[in-house]
Amino acid sequence: MALDALSDVSDEALLVLYANGDPWAARALTLRLTPRLLGFAALMLADRTEAEDVTQEAMLRLWRMAPGWQQGGARVSTWLYRVASNLCLDRLRKSRPRGLEEVAEPEDAAPGAVARLIEADRMLALDRALAALPDRQRQAVVLRHIEGLTNPEIAAVMDIGVEAVESLVARGKKGLTALLSGRRAELGFEDGD
Amino acid sequence: MQDTDLEGLFATARAGRPSPSAGLTARITADADAVQAGFKPAPIPAGRRPWAGWIAAMGGHRVLAGLATAALAGLWLGFAQPAPVLTLTLTLREAFAADAGPWAIELIPSLDAFGLEG
């Protein structure tokens, strides 16, 4: 089945096609899932290289478990976020604690592109504030507000109850607000942005 | 920092998701191909084998086994020609060679003794 014909096929059906030997299913799944997985890992780890390693490892685990995938169970994306979350947390536990200043500076924006500079400043501020949160709070906030998962989906990813998710998200947002307080003007929010 | 500001930061992060590099995509698809190459085709369940319906139509495995035995027995008879059949064949051949009528053919010569005793 060609790549174009797979655009309307669900992730779960693509995984079954892959397990049955379809050569295009893996490409379709890679194009569909890798950007989200990489974005999540990058925010969790604040390190592009490590985020790529986590993304590749999570996808590799997906390929390996494809023949045993139980249809009607968890969604592929939820399963992948769970694997990626665990891989990120493992790496965070093994690495030394990071300080606010250890988050890498973004690459220089194009000269004169004020909007890009503001955007880069905002991303850097958010990266640093997220890095300062406890791991579980960061995970919950990123999954809820950046990856767009529902609370029940996050509960499945993190293997906790929905109420615990709500608590983690609320505390995470409160922490971010406290960490970013006083930087409103610097981040360009005073013009009704 | 207000909730709306925080949502603005989240929106920026959503829009600024890093794109996977070509190298990463290539590594992931190479992994997928390597793993897929190791998959063994799943065995076809008995009910889905193409010849399962034909076997059922013939009466099942026992009937087919009987048919096969009968066919082999017929083949063996054709080649081996057991003695009684061979005797009959030779008798008929000699009778026709002597230009005798079919009434003169003695299919069971040993019965003559019983005929003489009346």
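Labels below follow one simple rule: chain letters A, B, ... track the order of the sequence lines, proteins then strands, and each chain is numbered from 1. Just so it is clear, the structure is predicted and the values come from calculations on it, not from any experiment.
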Contact class of B:Thr12 relative to chain A, heavy atoms under 4.5 angstrom: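 Both the backbone and the side chain of B:Thr12 come within 4.5 Å of chain A.
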Any idea which of [options] has the most non-hydrogen atom pairs under 4.5 angstrom with chain B?
options                    : result
A:Arg36, A:Met59, A:Met123 : A:Met123
A:Asn20, A:Thr30, A:Asp53  : A:Thr30
A:Pro35, A:Gly39, A:Ala51  : A:Pro35

Shortest non-hydrogen separation from A:Ala140 to A:Leu168 and the atoms involved: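 Smallest heavy-atom distance, with atoms named: CB-CB, 3.8 Å.
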Contact winner vs chain A - B:Asp33, B:Thr29, B:Ile28, B:Thr25, heavy-atom pairs under 4.5 Å: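 When all of B:Asp33, B:Thr29, B:Ile28, B:Thr25 are compared, B:Ile28 has the most.
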In one Ile/Leu/Val/Met/Phe/Trp/Tyr side-chain cluster, 4.5 Å: A:Met65, B:Phe39: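 A:Met65 and B:Phe39: one cluster.
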Name of the residue among A:Leu80, A:Thr55, A:Leu38 meeting side-chain contact (heavy atoms from CB on, under 4.5 Å) with A:Leu33: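 Considering A:Leu80, A:Thr55, A:Leu38, a side-chain contact (heavy atoms from CB on, under 4.5 Å) with A:Leu33 is found only for A:Leu80.
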Criterion side-chain contact (heavy atoms from CB on, under 4.5 Å) against A:Val165, the qualifying member of A:Val157, A:Thr150, A:Asn151, A:Leu149: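 Among A:Val157, A:Thr150, A:Asn151, A:Leu149, the one that satisfies the side-chain contact (heavy atoms from CB on, under 4.5 Å) with A:Val165 is A:Asn151.
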Sub-4.5 Å side-chain heavy-atom contact between A:Trp79 and A:Asp11: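 Result no, sub-4.5 Å side-chain heavy-atom pair not found.
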Under 4.5 Å from a heavy atom of chain B, the part of A:Val142 involved: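 A:Val142 has no heavy atom closer than 4.5 Å to chain B.
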